[in-house]
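Here the structure is a predicted model, which means the values were calculated and not measured. Counting convention: from 1, in listed order, for ligands and their atoms alike.
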Amino acid sequence: MKAVTWQGKRDVRVEEVPDPKIQEPTDAVIRVTSAGLCGSDLHLYEVLTPFMTPGDILGHEPMGIVEEVGAEVPGLKPGDRVVVPFQIACGHCFMCGTGLPTQCETTQVTGEGMGAALFGYTRLYGAVPGGQAEYLRVPQAQYGPIKVPDGPPDDRFVYLSDVLPTAWQAVAYADVPQGGSIAVLGLGPIGDMACRVAQLKGAGRVFGVDLVPERLRRARERGVETYDLRSFDSEKELVAAIRDETGGRGPDAVIDAVGTEAHGSAAAKLVQQGAAVLPRAIGGRLAERFSVDRLAALYTAIDLVRRGGTISLSGVYGGMADPMPMLTLFDKQIQLRMGQANVRRWSDDILPYLTEEDPLGVDDFATHRVPLTDAPHAYETFQKKRDGAVKVLLKP
Ligand SMILES: NC(=O)c1ccc[n+]([C@@H]2O[C@H](COP(=O)([O-])OP(=O)(O)OC[C@H]3O[C@@H](n4cnc5c(N)ncnc54)[C@H](O)[C@@H]3O)[C@@H](O)[C@H]2O)c1
Ligand SMILES: [Zn+2]
Ligand SMILES: [Zn+2]
């Protein structure tokens, strides 16, 4: 089959690889019909290079049709249409039982000290072959795959794998009071969708910040009060402008939907790039043990949120020695909540909104739908934010 493989920094290629097979009785194999490209894939493309192995199959946002199931997957049969969550979880351990499949005790990558295995996401997360491919082996298929109805286009459901539950969890963790205010930093797919979910859940005012014109425009068209970071001399000024709109206090909650590759700090960028060009072993250790994060967005969130408010981090961070302004966090009494999205924790709450009325605008959320074989170009376009690329779906 054809699959998108990682070959090196900023080097992905579509290659012929062996078809996946059922290996465990709890496996399924699906024929992938759509697979999203995610901001998280861009971290692999560039800064998480030390944790990748050439040939790794990328992708964690797939949906498709069940081809084959193992003996212990009673709920699925060939022909079923399913969306596959980006994390692999068993559904019956203590963590899955408390609604935290990202911490599944059956699939935790204990050798690396990490939580549940993820599709297509470095050896830290189990080096599991990903879903940007014609076929995908789905471990723990008795729990993960979400069955969806036949009929509507893939676009209606594909974001259940990651974007929707991530945005949903970001808003749930932000815990905005009814009619309250929320600022979303970063208007990529995750931030854009988080704005939509916040509106749906009754936030009074939603502020959105980015520095890419068409991303700002998309949010503005749906009623978000947008701020272009480039039009301020410093983050301080941006913070002051949003504070002015919120009685001088700052919003009740801030979602950081940017993560480690924030624009804003030149010095940290050098350290981070250093980690990506060092020899693999040293680079890996450096990236794990020392700060590799660019913290501009997180610092803005800490400054911006009102006293006693909540910061909800969905952007991915990976450093070990990041300087945190503990005095401010403590003094402002900030609540900080974060983590990978627990997909099955939220998927049943989201499904009722994936209807003809399309309140979240999923049907035209994708800006690009391209053949799998165009993946190398799609990665570059998405990373460089060219050509209006916000959400790209690969079509095997
Ligand atoms: N927690 C989870 O489960 C989960 C799931 C999916 C994605 N993520 C993470 O969420 C983040 C966003 O993902 P995405 O797919 O939307 O990616 P993306 O890279 O398209 O979006 C990031 C956006 O942030 C903007 N940005 C950069 N610096 C900024 C700053 N200082 N202030 C405001 N905006 C800034 C960029 O212009 C871009 O539009 C990534 O870190 C990704 O890894 C987390
Ligand atoms: Zn993703
Ligand atoms: Zn589990």
Side-chain angles (χ1 to χ4, degrees), residues 35-48 58-62 85-98 100-108 115-121 130-131 140 143-144 159 161-170 173 183-194 208-216 218-219 226-230 232 235 238 254-265 293-301 304 312-318 338-344 382-383 385 389-392:
L37 224 171
C38 179
S40 297
D41 294 322
L42 295 181
H43 305 321
L44 311 180
Y45 196 56
E46 184 108 29
V47 300
L48 291 178
L58 296 167
H60 59 265
E61 302 190 350
F86 70 89
Q87 70 236 197
I88 300 166
C90 74
H92 53 69
C93 71
F94 170 82
M95 286 294 169
C96 286
T98 56
L100 290 168
T102 56
Q103 314 302 326
C104 174
E105 288 169 343
T106 305
T107 74
Q108 274 177 11
L118 309 181
F119 286 102
Y121 217 74
Q140 305 293 338
Y143 177 64
Y159 307 116
S161 60
D162 183 336
V163 175
L164 284 166
T166 299
W168 203 270
Q169 177 170 299
Y173 282 8
V184 178
L185 307 180
L187 298 171
I190 300 300
D192 184 341
M193 190 56 79
V209 182
D210 204 295
L211 33 101
V212 181
E214 67 271 10
R215 294 179 179 217
L216 289 157
R218 256 164 79 106
T226 57
Y227 290 78
D228 186 340
L229 192 58
R230 295 169 311 166
F232 296 91
E235 274 92 351
L238 166 78
V254 178
I255 290 174
D256 172 349
V258 180
T260 176
E261 293 184 64
H263 296 274
S265 157
D293 292 324
R294 281 190 258 155
L295 293 168
L298 179 55
Y299 289 159
T300 303
L304 177 60
S312 171
L313 282 188
S314 45
V316 167
Y317 289 94
M338 66 187 93
Q340 306 276 10
N342 296 287
V343 176
R344 295 303 310 259
F382 179 48
Q383 191 204 30
K385 304 181 175 62
V390 182
K391 190 67 189 181
V392 182

Considering the options Leu304, Val184, Leu313, which one meets the side chain to side chain contact (heavy atoms under 4.5 Å, CB included) requirement together with Val254? Leu304
Could you walk me through whether Tyr299 and Glu235 pass side chain to side chain contact (heavy atoms under 4.5 Å, CB included), step by step? CA-CA 9 Å; Tyr299 289 159; Glu235 274 92 351; over 6 Å; no
What atoms of ligand 1 come closer than 4.0 angstrom to any heavy atom of Asp162? 5 (C), 6 (C)
Logged contact type for Arg215 with ligand 1, heavy-atom cut-off 4.0 Å, is side chain
For the Zn ion (ligand 3), protein N, O or S atoms at a distance below 2.8 Å amount to 4
Under 3.5 Å: donor-acceptor pair, side chain of Asp41, backbone of Cys38: yes
Hey, does Gly339 come in under 3.5 Å of ligand 1, counting only N/O atoms on both sides? yes
Distance-only N or O hit between ligand 1 and Leu211, under 3.5 Å: no
May I have the step-by-step check of side chain to side chain contact (heavy atoms under 4.5 Å, CB included) for Val212 and Lys385, ending in yes or no? CA-CA 8 Å; Val212 181; Lys385 304 181 175 62; 3.5 Å; yes
Would you say Pro189 has any N or O atom under 3.5 Å from an N or O of ligand 1, going by distance alone? yes
Proximal atoms of ligand 1 relative to Ala341 (non-hydrogen, under 4.0 Å): 1 (N), 2 (C), 3 (O)
Which is it for Leu229 and ligand 1 at heavy atoms under 4.0 Å: side chain, backbone, both or neither? side chain
Which atoms of ligand 1 have any heavy atom of Val212 under 4.0 Å away? 37 (O)
Minimal non-hydrogen separation, Tyr173 against Ser312, with atom names: CB-OG, 3.6 Å
Proximal atoms of ligand 1 relative to His43 (non-hydrogen, under 4.0 Å): 40 (C), 41 (O), 42 (C), 43 (O)
What do we get for Lys385 next to ligand 1 when only non-hydrogen atoms under 4.0 Å count, side chain, backbone, both or neither? side chain
Tightest non-hydrogen contact, residues Pro213 and Arg230, listed as CG-NH2, 3.6 Å
Can you see whether Asp210 engages Tyr227 through a side-chain donor-acceptor pair at a distance of less than 3.5 angstrom? no
Going by distance alone, is a donor N or O of one side chain under 3.5 Å from an acceptor N or O of the other, for Gln108 and Gln103? no
So for Ala257 against ligand 1, with non-hydrogen atoms under 4.0 Å, the contacting part is backbone
Mind running side chain to side chain contact (heavy atoms under 4.5 Å, CB included) on His43 and Val316 for me, showing each step along the way? CA-CA 9 Å; His43 305 321; Val316 167; 4.0 Å; yes
Mark up the atoms of ligand 1 that fall under 4.0 Å of a heavy atom belonging to Val316, in ascending order. 9 (C), 41 (O), 43 (O), 44 (C)
I'd like to check whether Gly191 has a polar contact with ligand 1, where a contact means an N/O of the residue lying under 3.5 Å from an N/O of the ligand. no
For ligand 1, which atoms, with element, lie under 4.0 Å from some heavy atom of Phe86? 3 (O)
Listing protein N, O or S under 2.8 Å around the Zn ion (ligand 2) gives Cys38 SG, His60 NE2, Glu61 OE2, Asp162 OD2
Answer yes or no: is there a side-chain heavy-atom contact under 4.5 Å between His60 and Leu118? no
Report yes if Val258 has an N/O atom closer than 3.5 Å to an N/O atom of ligand 1; otherwise report no. yes
Please verify whether a non-hydrogen atom of Phe382 lies at under 4.0 Å from ligand 1. yes
Pick one of side chain, backbone, both or neither for how Thr166 approaches ligand 1, counting any non-hydrogen atom pair under 4.0 Å. side chain
Ligand 1 contact on Glu235 by region, counting heavy-atom pairs under 4.0 Å: neither
Heavy-atom closest pair (Tyr143 atom, Arg344 atom, distance to 0.1 Å) is O-NH1, 2.7 Å
Any heavy-atom pair between the side chains of Phe119 and Pro62 that's under 4.5 Å? no
So Leu187 and Arg218, side chain to side chain contact (heavy atoms under 4.5 Å, CB included) or not? Walk me through it. CA-CA 9 Å; Leu187 298 171; Arg218 256 164 79 106; over 6 Å; no
State whether the side chain of Asp162 and the backbone N or O of Pro165 hold a donor-acceptor pair below 3.5 Å, judged by distance alone. no
Measure from atom 25 (C) of ligand 1 to every heavy atom in Asp210, Val163, Asn342, Thr260 and give the option owning the shortest one. Asp210
What are the two closest heavy atoms between Ser314 and Ile190, and how far apart are they? OG-CG2, 3.8 Å
Do any side-chain atoms of residues 86-98 form donor-acceptor pairs under 3.5 angstrom with protein atoms, and if so which ones, sequence neighbours left out?
{"residue": "Gln87", "atom": "OE1", "partner": "Val343", "partner atom": "N", "Å": "3.0"}
{"residue": "Gln87", "atom": "NE2", "partner": "Ala341", "partner atom": "O", "Å": "2.6"}
{"residue": "Thr98", "atom": "OG1", "partner": "Met95", "partner atom": "O", "Å": "2.9"}

All heavy atoms of Val390 vs all of Gly188, minimum pair found to be CG1-C, 4.4 Å
Looking at CE of Met193 and OG1 of Thr166, how far apart are the two atoms once the value is rounded to the nearest 0.5 Å? 10.5 Å
Check side-chain hydrogen bond (donor to acceptor under 3.5 Å, both in side chains) between Thr102 and all other residues, then give those that pass, not counting sequence neighbours. Asn342
All heavy atoms of Gly339 vs all of Gln169, minimum pair found to be O-NE2, 3.6 Å
With heavy atoms and a 4.0 Å threshold, my read on which part of Ile190 contacts ligand 1 is both
Atoms in ligand 1 with a heavy atom of Ser40 nearer than 4.0 Å: 6 (C), 7 (C), 8 (N), 9 (C), 42 (C), 43 (O)
With heavy atoms of Gly259 as the reference, note each atom of ligand 1 found under 4.0 Å away. 41 (O)
